[in-house]
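These notes concern the structure reproduced below.
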Amino acid sequence: MKRLKFGITAASIPIALLSGPVIAAQDCSDYIPSINKQMASFLAVVGPRAMKNVSLDEFGNMVDPMWGRPIVKLDTYTLPESISKKLAYRFTDAATKGVRTANGRTVCNFKYEANDGFKIEKGYINFDVEPFSTTSEAVMFVSPGEATSGVKFRPDGFAQQVINSAVRKSLASDPQYKGKFNVVF
């Protein structure tokens with residue numbers, strides 16, 4: 001019986017080392033410029049646009065009229081220009097916390113600043129960044145232990161949260177809808 005031997009040839013090692021673009025950034029702050037650019041462009045385009053079929057419940061949350069109990073229903077609504085110009089969501093800083101051994105994801109702590117035209121909110125959120133991410137296209141998920149853990153990060157989704165907040169606060173401050181909501185914004 002013949003014995004088969006397997007080994008790594010020297011030629012395959014340089015090929016693996018040359019595949020640099022698929023390696024995740026070593027510093028989490030390298031992802032910030034691309035993500036901020038995507039969120040800013042989304043807010044600039046969608047923020048001033050008319051929204052169709054806006055329905056809010058008694059707490060000011062946007063709801064599907066078929067499943068929720070809306071108290072305010074509008075066919076279309078456009079944010080006032082003075083508010084839509086202020087809309088912003090951006091990451092200001094990031095820290096690399098380490099790498100998860102189970103899946104190889106880099107754990108990043110992002111500090112953010114969000115402005116819905118009424119209030120500037122600051123905070124931080126942890127994300128797990130996939131090892132194949134690049135600085136121009138980060139694939140990341142909200143880290144375990146966070147309120148929405150496991151949710152895939154999408155710049156347009158996070159920017160949409162700012163728009164939704166602006167719509168509910170704008171409607172709550174409108175004299176026509178004053179007193180309809182059970183919360184103070």
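Everything numeric here is computed off the predicted structure, so don't read it as measured data. Note that these values count all heavy atoms, side chains included, but never hydrogens, waters or copies made by symmetry.
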| request: Would you give the length of the straight line joining atom CD1 of I32 to atom CG of D27, rounded to the nearest 0.5 angstrom? | output: 8.5 Å
| Contact check, side chains of T96 and V107, non-hydrogen atoms, under 4.5 Å | no
| said: I'd like to know whether K86 forms a side-chain contact (heavy atoms from CB on, under 4.5 Å) with F118, so could you lay out the CA-CA distance, the side-chain angles of the two residues, the decisive distance to 0.1 Å, and finally the verdict. | reply: CA-CA 9 Å; K86 295 178 187 176; F118 291 89; over 6 Å; no
| query | In Å, rounded to the nearest 0.5 Å, how long is the span from CD of E121 to NZ of K119? | reply | 6.0 Å
| remark: Of Y112, F42, F110, F153, the one forming a ring-ring contact (aromatic ring centres under 6.0 Å, His included) with Y89 is Y112
| Has the side chain of S84 got a donor or acceptor atom that lies under 3.5 Å from a matching backbone atom of L79? | no
| task | Check whether the side chains of Y31 and T134 place a donor and an acceptor atom closer than 3.5 Å, and report yes or no. | result | no
| field | Steps toward side-chain contact (heavy atoms from CB on, under 4.5 Å) verdict (V162, N115) | value | CA-CA 7 Å; V162 173; N115 185 352; 6.0 Å; no
| query | Where the side chain of D30 meets the backbone of T135, is there a donor-acceptor pair that is under 3.5 Å apart? | reply | no
| Y77 OH to S55 OG distance, which is reported to the nearest 0.5 Å | 14.0 Å
| message | On a heavy-atom basis, which atom in L87 and which in G117 lie closest, and how many Å separate them? | response | CD2-N, 4.4 Å
| task | Please round to the nearest 0.5 Å and tell me the distance separating atom CG of N53 and atom CG of L74. | result | 9.5 Å
| Residue from Q160, Q161, R168 passing side chain to side chain donor-acceptor pair (under 3.5 Å) with N164 | Q160
| M51 reachable from Y177 in the ILVMFWY side-chain graph, under 4.5 Å edges | yes
| Given S34 and Q38, is the side chain to side chain donor-acceptor pair (under 3.5 Å) satisfied, shown in steps? | CA-CA 6 Å; S34 174; Q38 292 173 39; 3.2 Å; yes
| task | For the residue pair T106 and C28, establish whether any side-chain heavy-atom pair is separated by less than 4.5 Å. | result | yes
| Residue E113 excluded, over 12 heavy atoms near CD under 6.0 Å | yes
| message | Let me confirm one number: the CG-CG distance from D57 to D64, rounded to the nearest 0.5 Å. | response | 12.0 Å
| field | Backbone of K169 reached by a side-chain donor or acceptor of S173 within 3.5 Å | value | yes
| request: Consider only side-chain heavy atoms of I, L, V, M, F, W and Y, link residues closer than 4.5 Å, and tell whether I120 and I83 are in one cluster. | output: no
| query | Going from CZ on F158 to CZ on F91, what distance comes out if it is rounded to the nearest 0.5 angstrom? | reply | 6.0 Å
| query | Taking the side chain as C-beta and beyond, is there a heavy-atom pair between V54 and M62 under 4.5 Å? | reply | yes
| said: Regarding N126 and S143, do their side chains bring together a donor and an acceptor under 3.5 Å, going by distance alone? | reply: no
| task | Please step through side-chain contact (heavy atoms from CB on, under 4.5 Å) for the pair R69 and E58, ending with a clear verdict. | result | CA-CA 8 Å; R69 294 187 316 188; E58 67 269 15; 4.1 Å; yes
| query | Are the side chains of D75 and K52 in touch, meaning some heavy atoms are under 4.5 Å apart? | reply | no
| message | Treating S133 as the side-chain partner and V139 as the backbone partner, does any N or O pair qualify as donor plus acceptor under 3.5 Å? | response | yes
| request: Is it possible for you to say whether V99 and V142 belong to one hydrophobic cluster, with membership spreading through side-chain heavy-atom contacts below 4.5 Å? | output: no
| task | Determine, stepwise, if the pair L56 / V63 fulfils side-chain contact (heavy atoms from CB on, under 4.5 Å). | result | CA-CA 6 Å; L56 290 99; V63 294; 5.9 Å; no
| task | Could you tell me which non-hydrogen atom of S170 sits nearest to which non-hydrogen atom of P80, and how far apart they are? | result | OG-CD, 3.6 Å
| query | Looking at D128 and R100, does any basic side-chain N land under 4.0 Å from a carboxylate oxygen? | reply | yes
| Same cluster for F127 and Y124 if Ile/Leu/Val/Met/Phe/Trp/Tyr side chains link at under 4.5 Å? | no
